[in-house]
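These notes concern the structure reproduced below.
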Amino acid sequence: MSPDTLRAYTIALGASAGRLRRYPALARERGWEGRVEVVVALLPGMAQPRVSLKQSSGHELLDEQALRMVRGAVDNVPLPEGLRGRTITVRLPVEFSLAAE
């Protein structure tokens with residue numbers, strides 16, 4: 001597995017997740033902010049990577065939105081041939097900041 005292939009896949013996932021970004025209205029109204037860390041993991045024999053929560057923002061609504069974003073990215077970004085059948089782990093941080101909105 002080439003580190004460049006994994007890096008390119010990670011960048012593509014991040015970009016796709018960014019396009020799916022939505023700040024939940026309730027979280028915005030209540031002033032909730034936070035950083036969520038999402039993990040994308042693939043083990044040999046898995047057809048599709050598994051998306052899970054690594055670190056919570058402290059707000060379930062923000063955590064769920066981050067998971068939706070990354071799951072959508074996994075659905076939109078094809079797994080490169082060089083990563084198929086490999087064990088990979090990608091960490092994607094998702095920052096929810098009202099100042100950045």
Side-chain angles (χ1 to χ4, degrees):
M1 168 180 59
S2 162
D4 291 337
T5 303
L6 182 56
R7 188 175 309 115
Y9 181 62
T10 302
I11 291 168
L13 283 176
S16 181
R19 287 188 294 275
L20 298 170
R21 182 179 185 74
R22 303 288 177 273
Y23 209 117
L26 181 62
R28 184 188 309 272
E29 290 168 15
R30 294 189 177 173
W32 293 345
E33 298 180 312
R35 182 178 188 273
V36 182
E37 190 169 325
V38 179
V39 173
V40 177
L42 181 70
L43 299 171
M46 290 175 69
Q48 194 71 347
R50 183 182 68 232
V51 177
S52 60
L53 185 67
K54 173 75 174 169
Q55 179 183 351
S56 172
S57 66
H59 301 286
E60 186 176 348
L61 187 61
L62 296 180
D63 297 346
E64 287 301 319
Q65 181 59 32
L67 288 168
R68 271 193 294 279
M69 290 166 52
V70 175
R71 285 184 185 121
V74 165
D75 289 343
N76 291 333
V77 177
L79 185 66
E81 189 62 40
L83 299 180
R84 295 179 194 276
R86 307 278 185 164
T87 299
I88 63 164
T89 303
V90 174
R91 290 181 174 187
L92 293 173
V94 178
E95 191 78 36
F96 289 97
S97 170
L98 292 169
E101 288 298 306

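Only a predicted model underlies this, so the values are computations on that prediction, with no experimental measurement involved. Note that these values count all heavy atoms, side chains included, but never hydrogens, waters or copies made by symmetry.
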Item to check | V51 with V39, same ILVMFWY side-chain cluster at under 4.5 Å | outcome: no
Checklist entry - When rounded to the nearest 0.5 angstrom, what distance separates OG in S97 from CZ in R35? => result 13.0 Å
Item to check | Candidate pair R21 and V94, rule side chain to side chain contact (heavy atoms under 4.5 Å, CB included), full reasoning | outcome: CA-CA 9 Å; R21 182 179 185 74; V94 178; 3.8 Å; yes
Checklist entry - Rounded to the nearest 0.5 Å, how far apart are CZ of R19 and CG of N76? => result 7.5 Å
Item to check | Student check: side-chain heavy atoms of L13 and V70 closer than 4.5 Å | outcome: no
Checklist entry - Nearest 0.5 Å, what's the CZ-CG distance between R71 and L20? => result 13.0 Å
Next on the checklist: Out of the candidates V74, T87, L79, only one should pair with L42 under the side chain to side chain contact (heavy atoms under 4.5 Å, CB included) rule; please name it.
Outcome noted: L79
Next on the checklist: I need the L62 CG to L26 CG distance, nearest 0.5 Å.
Outcome noted: 9.5 Å
Next on the checklist: If I take atom CD from residue Q48 and atom CE from residue M46, how far apart are they, to the nearest 0.5 angstrom?
Outcome noted: 8.5 Å
Next on the checklist: I want to check a possible cation-pi pair here: R28 against F96, using under 6.0 Å from ring centre and within 45° of the ring axis as the test.
Outcome noted: no
Item to check | Nearest atoms (heavy-atom pairs only) where V36 meets S57 | outcome: CG2-CB, 3.6 Å
Item to check | Closest approach of P80 to Y9 (non-hydrogen atoms, all atoms of both residues) | outcome: CD-CD1, 3.4 Å
Checklist outcome for this item: Nearest heavy-atom contact between R91 and E37 is CD-OE2, 2.8 Å
Item to check | Over 12 foreign heavy atoms within 6.0 Å of CD, E60 | outcome: no
Item to check | Main-chain N/O of L6 paired to T10 side chain as donor or acceptor, under 3.5 Å | outcome: yes
Next on the checklist: If you define the side chain from C-beta out and look only at heavy atoms, does anything of L98 sit under 4.5 Å from W32?
Outcome noted: no
Checklist outcome for this item: Tightest non-hydrogen contact, residues A17 and A73, listed as N-CB, 3.6 Å
Checklist outcome for this item: Nearest heavy-atom contact between E33 and H59 is O-CD2, 3.5 Å
Next on the checklist: If hydrophobic clusters are built by linking Ile, Leu, Val, Met, Phe, Trp and Tyr wherever their side-chain heavy atoms come under 4.5 Å apart, do L43 and L83 end up in the same one?
Outcome noted: yes
